[in-house]
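The next block holds one structure in the form of structure tokens; read it before the comments.
Atoms within a ligand are numbered from 1 in the order they appear, just like the ligands themselves. We number each residue from 1, following the sequence as shown. Quick note: numbers below take in every heavy atom, side chains included, and nothing from hydrogens, waters or symmetry partners.
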Amino acid sequence: MRTTGSVRQFTDDPLPDDVLERILDNARFAPTGGNRQGVHVVVVRDPATRQELAELSLPGAKRYRAQAGNGESPWNPLRPPGVDDATVAATDGSPMVRSLLGAQVVLVICLDLSVVAATDQDLDRIGVISGASVYPFVWNVLLAARNEGFGGVPTTMAVAREPAVRTLLGIPDAFAVATVVPLGKPVHQVTKLKRKPVQDFVTRERFDGPPF
Ligand SMILES: Cc1cc2nc3c(=O)[nH]c(=O)nc-3n(C[C@H](O)[C@H](O)[C@H](O)COP(=O)(O)O)c2cc1C
């Protein structure tokens with residue numbers, strides 16, 4: 001957990017199916033709401049499909065990088081973008097999508113919304129509960145990959161173009177695309193991750209209670 005950082009650059013070493021099978025076989029023990037196990041993984045090796053996924057990720061990446069360049073928290077649901085369409089269009093999104101082309105394999109990880117219990121569905125805010133039935137699995141994939149000497153990163157830029165991703169891969173309407181994960185042998189293995197210390201985000205008894 002302390003050394004599984006994002007990997008976006010990969011060597012040419014193969015990630016064979018038997019290793020990937022082991023990674024997925026360990027990851028499948030992730031929890032899901034009510035143990036409904038609505039995760040579906042599409043294993044993509046075809047370079048043409050990966051190119052399509054990279055292209056579908058580009059518009060989202062352009063907006064992300066344009067907003068980040070403007071000092072904003074990109075794609076934030078509470079604040080509309082402070083950059084105009086022309087600025088987004090002129091921004092280079094390619095650094096954010098290269099990992100999909102350089103990886104040995106790309107996993108498109110989907111969630112069957114028809115089996116999800118979303119207890120926040122009637123609240124006046126963006127949903128978060130549904131994601132909890134798929135992202136523990138995604139993290140398990142990354143931990144299991146690290147255990148085998150491989151790495152990757154959850155990417156989400158393609159999700160802004162979910163209908164096109166669905167058409168590309170034949171994903172049924174009831175399934176949401178949760179993430180697109182490139183996997184391969186890391187060029188560099190970062191082992192020192194930057195994270196807030198416990199005292200900065202854990203409090204006793206109340207949100208505004210003393211630091212734990
Ligand atoms: C929900 C989620 C979405 C993410 N989307 C992207 C993405 O689209 N592209 C990307 O390069 N990294 C993406 N990341 C990776 C984060 O940028 C990364 O986890 C974070 O910066 C910490 O990096 P580190 O573990 O290397 O320190 C995403 C991570 C999460 C958890």
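By the salt bridge (Lys or Arg N to Asp or Glu O under 4.0 Å) test, Asp92 is found to be paired with no residue, residues two or more places apart in sequence or in another chain being considered. With sequence neighbours excluded, the residues forming a side chain to side chain donor-acceptor pair (under 3.5 Å) with Arg63 are Gln67, listed by chain and number. Residues that satisfy the salt bridge (Lys or Arg N to Asp or Glu O under 4.0 Å) test with Asp46, not counting sequence neighbours, are absent from this structure.
One finds no salt bridge joining Arg79 and Glu72 here, because no Lys/Arg side-chain nitrogen approaches an Asp/Glu carboxylate oxygen to under 4.0 Å.
Under the 3.5 Å distance criterion, with hydrogens and angles disregarded, no donor-acceptor pair is assigned to the side chains of Ser133 and Arg36.
Atom NZ of Lys62 sits about 11.0 Å away from atom OG1 of Thr87, to the nearest 0.5 Å.
Sorted by chain and number, the residues within 4.0 Å of ligand 1 by heavy atom are Gly5, Ser6, Arg8, Met96, Val153, Pro154, Thr155, Thr156, Met157, Leu193, Arg195.
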